[in-house]
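The block underneath contains the structure these notes are about, expressed in structure tokens.
Chain letters run A, B, ... following the sequence lines, proteins first and then strands; every chain starts at 1. Every value quoted in this text rests on a predicted model; they were computed, and no experiment measured them. Note that these values count all heavy atoms, side chains included, but never hydrogens, waters or copies made by symmetry.
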2 protein chains.
Amino acid sequence: MSVDPTQRRAVRHAQPAAVPARQARRKPPITVDRITDAALEIVATEGYDALTMRSVAGALGTGPASLYAHVVNKADLDELLIGRLCAGLVLPEPDPAAWREQILGVCAQIRDQYLRYPGISRAALAMGPTDLEIVRVSEGMLAILLAGGVAPQAAAWAIDALLLYVAAYCLEASIVRQRSAQEDAVVVHDREEVLRRFAALPAATFPHTTRHAAELTAGEGHDRFDFTLALMVDGLVHR
Amino acid sequence: MSVDPTQRRAVRHAQPAAVPARQARRKPPITVDRITDAALEIVATEGYDALTMRSVAGALGTGPASLYAHVVNKADLDELLIGRLCAGLVLPEPDPAAWREQILGVCAQIRDQYLRYPGISRAALAMGPTDLEIVRVSEGMLAILLAGGVAPQAAAWAIDALLLYVAAYCLEASIVRQRSAQEDAVVVHDREEVLRRFAALPAATFPHTTRHAAELTAGEGHDRFDFTLALMVDGLVHR
DNA sequence: TCTACGTGTGGAACATTGTTCGTGTCAAGG
DNA sequence: CCTTGACACGAACAATGTTCCACACGTAGA
């Protein structure tokens with residue numbers, strides 16, 4: 001009802017300084033955490049391809065140049081994102097009797113994190129092995145495999161293989177989903193359509209593909225993921 | 001020494017038509033094959049990241065717009081490239097007694113093709129399964145696995161897994177090589193440097209990583225590739 | 001209190017890349 | 001000859017990562 005006294009006095013003295021100060025206080029400073037949060041939100045809702053410096057800056061109500069006071073470049077932002085995802089993984093206390101379930105569980109966690117942020121595993125594929133959050137995960141997986149009696153060398157290489165496969169699996173899954181959304185009739189990922197095309201191939205040229213079109217296109221949920229992980233872990237067991 | 005008679009006559013009649021016609025004959029028409037050849041050459045020498053419509057057009061002595069009369073877009077070009085690489089693969093006649101070596105051999109061939117064109121496996125990860133060249137390779141691999149007595153469903157899913165892993169492995173290898181060339185001291189891929197960093201980690205936080213830094217960074221040539229492929233194929237054998 | 005310095009903010013500009021638009025040329029068919 | 005379709009290609013546009021530069025603010029020192 002009544003005009004703010006400070007405002008009134010400012011008007012009296014033709015002094016607008018009080019207003020900008022209040023405005024500055026209302027806008028939180030840009031931080032790496034806020035950038036990372038905003039970026040993850042964009043990837044979660046629109047996919048990794050929608051992640052641009054401009055989209056992040058827009059979400060923070062600023063311009064893209066402002067981000068460079070906090071991140072080196074876009075690749076640095078990628079690393080922050082993957083680091084954040086890795087930080088969210090729960091690494092179990094290794095149990096020799098359940099190491100197989102444990103390693104599969106960690107991989108499933110990674111997969112689920114990546115799939116929550118469609119396309120982000122592309123960033124993971126570009127990261128070196130020395131980021132501390134990645135080392136933490138690697139350490140946890142190594143502990144599980146060693147507890148399970150896997151030889152150190154095999155364990156080390158298995159981690160590499162598992163992480164590569166998980167990232168590739170998620171990348172493809174994200175692309176499949178993206179393509180489905182686009183309803184591109186030329187390149188198909190939709191299972192029924194692939195099945196149709198496989199079955200329609202000339203049997204003389206593609207005898208096995210036509211005969212086993214159903215198996216080639218089979219799989220619900222993460223059947224393929226589980227199958228491959230089992231292959232690898234079984235391979236470790238029999239090593 | 002003597003001026004070309006056609007030229008002389010053209011000058012006489014103030015008719016320049018003969019000159020452009022000759023020039024047109026010297027420049028071969030742009031075709032999909034020429035585009036694909038040029039693109040592969042660029043990727044082979046400068047890596048996938050250097051592949052732009054402009055770089056291809058430049059190599060062909062034209063402008064980027066000219067390419068669009070022959071390729072739909074850049075993604076289409078990607079498919080042409082992967083199709084070309086797949087067409088170069090030699091698929092063996094399946095031999096039940098040697099199916100394991102055969103499947104490993106096909107995967108090694110794919111790997112080598114991808115590594116000859118650094119970074120190109122990124123395009124492979126984005127492709128759907130219905131491209132005819134990819135179906136041909138898939139058919140060949142399926143024939144090998146079935147000849148080896150692998151159940152159709154397992155064979156079908158194994159192909160998916162193998163192709164994903166090979167692409168991811170090559171993508172990472174390309175990025176490692178690229179990073180090494182940049183001598184980026186912050187993110188490291190160089191093995192000795194990774195070993196140094198792993199060994200220098202706090203042992204209390206990363207006991208297994210520090211103790212097994214040597215194994216984590218071990219591997220010459222394609223040791224990791226061979227290890228993982230063996231894991232998968234062994235897993236198939238014991239299924 | 002005033003001044004200087006360092007840090008953060010953010011618009012403008014730049015280089016690069018994929019793609020479309022529009023124009024000109026050529027060849028084939030009527 | 002005229003028309004049509006295909007190809008070639010420069011110009012222009014939109015989008016994206018990044019740098020440059022000016023300004024504002026906070027802190028430390030005189």
Salt bridge (Lys or Arg N to Asp or Glu O under 4.0 Å) with A:D160: which residues, sequence neighbours excluded? B:R224
Produce a footprint string for nucleotides 14-20 of chain C: one letter per nucleotide, 5' end first; B if the base is under 4.0 Å from any protein heavy atom, S if only the sugar-phosphate is, - if neither. ---BBBB
Is it true that the side chains of A:D76 and A:Y68 contain a donor and an acceptor less than 3.5 Å apart? no
No-hydrogen, no-angle side-chain donor-acceptor test under 3.5 Å, A:Y165 and A:T228: yes
Phosphate contact (D:dA6 OP1 or OP2) by B:H70 side-chain N/O below 4.0 Å: no
Would you kindly give the CD1-to-C1' distance between A:I30 and C:dG10, to the nearest whole Å? 8 Å
Check against side-chain contact (heavy atoms from CB on, under 4.5 Å), A:I82 and A:Y114: CA-CA 9 Å; A:I82 297 297; A:Y114 286 164; 4.3 Å; yes
Considering only NZ, NE, NH1 and NH2 on the basic side and carboxylate oxygens on the acidic side, decide whether A:D78 and A:R122 come within less than 4.0 Å. no
Measure CZ/A:R34 against C1'/C:dT9 and give the value in whole Å, please. 12 Å
Hey, is the side chain of A:T62 poking within less than 4.0 Å of OP1 or OP2 on C:dT9, counting only N and O atoms? no
What's the CG-C1' distance between A:L60 and C:dG8, to the nearest Å? 14 Å
May I ask you to evaluate whether B:S66 reaches the phosphate of D:dC9, defined as a side-chain N or O under 4.0 Å from OP1 or OP2? yes
Under the salt bridge (Lys or Arg N to Asp or Glu O under 4.0 Å) definition, can you give me all pairs with a residue in residues 123-133 of chain A, not counting sequence neighbours? A:E133-A:R136
For B:L67 and D:dA6, what is the distance between atoms CG and C1' respectively, to the nearest whole Å? 16 Å
B:I35 has an atom CD1; how far is it from atom C1' of D:dC9, in whole Å? 13 Å
